[in-house]
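Structure, as structure tokens:
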Number of protein chains: 2
Amino acid sequence: MSELEARVLPEATLARLTQYLRALNALDAQGLERTSSGVLAKEAGVNPSILRKDLSWLGSYGTRGVGYVVRELAEHISRTLGLNQDWRVAILGAGNLGRALSGYAGFKSRGFNVKAILDIDPALVGKAVGELHVEAIGDLAKVVQREEINIAVLAIPGDAAQDLVYELAELSVRSVLSFAPKPLRVPEGMNLRRVDLSTELQILAYLAVQG
Amino acid sequence: MSELEARVLPEATLARLTQYLRALNALDAQGLERTSSGVLAKEAGVNPSILRKDLSWLGSYGTRGVGYVVRELAEHISRTLGLNQDWRVAILGAGNLGRALSGYAGFKSRGFNVKAILDIDPALVGKAVGELHVEAIGDLAKVVQREEINIAVLAIPGDAAQDLVYELAELSVRSVLSFAPKPLRVPEGMNLRRVDLSTELQILAYLAVQG
DNA sequence: GCTTGTGAACGCCTTCACAGCA
DNA sequence: TGCTGTGAAGGCGTTCACAAGC
């Protein structure tokens, strides 16, 4: 890794980098200033080889024979992941899941601020959810603009999700996390990740029968 | 695929099979009796090659030149995934996320019945959550036995998760879905899957900066 | 002719093993 | 000596392309 050109991290690496960051923060909280690939890998739940390989995508930030400086490495990963930016999240769907997500502590602590929650049901509009009030999906464009939303979370049951993806794309929201059970098509340039809770349980069920 | 021996499906295949099942049910609901790998793959959001490859793990259930019988294939996948069993779920943690999950419609419709919800906070014990009442984590053994729980969902913030995994293992609960941010160690023979919401957002953040 | 089922090719990701360097 | 950084090897999963069969 010594090219000038910025290159895209493999997605598997990306997912692990977030774990290293969490692990580094944990070590820092314990007062440790230095660490090694062995210690860090254990804390992150991976093997040391892949950890070093992953870090090599970012450049050389360790010292041979010694290890890594905890805060320095954390800062570097953080910058690589774009976490020094201000991320402003809108949650679409104010049902149980949407409300739970809007209050999810893990978001705020990692720099993701939930700025709006919206729903299609008029009966919910205006209701308080934490420090927010539910707004109408019909006002999506207005809300996205007002709050400068750059990430949307789809916490709605089903068929409306696809239309919202296109609408979000037109509003220049380029990152979407979907909890909808169906796979969604995304326009060029938009990033979508999906969490499918039923699928997770189905996989567990199979493994339980199997194992 | 023509061996006698039962073999374990690759996990990637497993995840897609659940999608094919959902897609088949959607086609069935539309009144379609037959389908092809092309149609089904589109509905499931994958390419036809991998779909046929995945199905080949289960044996030959299609007809060359014709396609698949929707209900027959659905039934076969369903059986392979162990979904004809009775799955009884306990949710550990009655915070926002736990309560949201306990009411998640996608579970019940796919044969997963939430039979209990527990929390460590005495102030929550006894409170109603849907048709359930929150029970004390201290009573976990009793609850698991009484309700014959075979899947547990960990919807608790952090450090208590690891201990609960071991406790569940001793109670013979062999499948766990964790929402805890840390990777957890699991005893031999236990299956654990993790959903890390913050990681998902961090990946999206990186992709948004990148793209 | 049309669609399945599958070996072979390909590409990505992980693991190994060791050279490089404090 | 000890740990990082990395080329090479290995393994896994996807895509290709076509033979098999209705």
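On a predicted model such as this, the values are computed, not experimentally measured, just so you know.
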If you look at every strand shown and take non-hydrogen atoms under 4.0 Å, does [X] touch a base, only sugar-phosphate, or nothing?
| X | result |
| --- | --- |
| Ser36(A) | sugar-phosphate |
| Pro10(A) | sugar-phosphate |
| Ser37(A) | sugar-phosphate |

Measure from the side-chain heavy atoms of Lys53(A) and tell me the nearest of dT15(C), dT6(C), dA22(C).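 Nucleotide nearest to Lys53(A)'s side chain: dT15(C).
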Looking only at the side chain of Ala12(B) (C-beta and beyond, no hydrogens), which of the listed nucleotides dA8(C), dG13(D), dG5(C) gets closest?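 Closest nucleotide to the Ala12(B) side chain: dG13(D).
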For residues Lys115(B) and Leu132(B), report the shortest heavy-atom separation together with the two atoms involved. O-CD2, 3.6 Å
Determine the minimum heavy-atom distance between Tyr206(A) and Leu9(B), stating which atoms define it.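 Tyr206(A) and Leu9(B) have their closest heavy atoms at OH-N, 3.2 Å.
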At less than 4.0 Å, is any side-chain N or O atom of [X] found next to OP1 or OP2 of [N]? Yes or no.
| X | N | value |
| --- | --- | --- |
| Arg34(B) | dT3(C) | no |
| Asn47(A) | dT15(C) | yes |
| Ser60(B) | dG5(C) | yes |
| Tyr61(A) | dC3(D) | no |
| Arg16(A) | dT14(C) | yes |
| Tyr68(A) | dA22(C) | no |

Expressed in angstrom and rounded to an integer, what is the separation of [X] atom [atom1] from [N] atom [atom2]?
| X | N | atom1 | atom2 | result |
| --- | --- | --- | --- | --- |
| Arg52(B) | dG21(D) | CZ | P | 16 Å |
| Leu40(A) | dG5(D) | CG | P | 12 Å |
| Glu11(A) | dT14(C) | CD | C1' | 17 Å |
| Trp57(A) | dG7(D) | CH2 | C1' | 14 Å |
| Leu55(A) | dT4(D) | CG | C1' | 10 Å |
| Leu17(B) | dT14(D) | CG | P | 11 Å |
| Ile50(B) | dC10(C) | CD1 | P | 17 Å |
| Arg64(B) | dC18(D) | CZ | P | 16 Å |

Lys/Arg-Asp/Glu bridge criterion (N-O < 4.0 Å) met for Arg71(B), Glu75(B):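 Answer for the salt bridge query: no.
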Is the shortest distance from a Lys or Arg side-chain nitrogen in Glu148(A) or Arg88(A) to a carboxylate oxygen in the other one below 4.0 Å?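 No, this pair does not count.
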Can you establish whether the number of heavy atoms outside Arg193(A) located under 6.0 Å from its atom CZ is more than 12?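 Yes.
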5' priority, DNA chain C, between Thr13(A) and Thr35(B) [closest heavy atom]: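 Per heavy-atom nearest nucleotide, the more 5' residue is Thr35(B).
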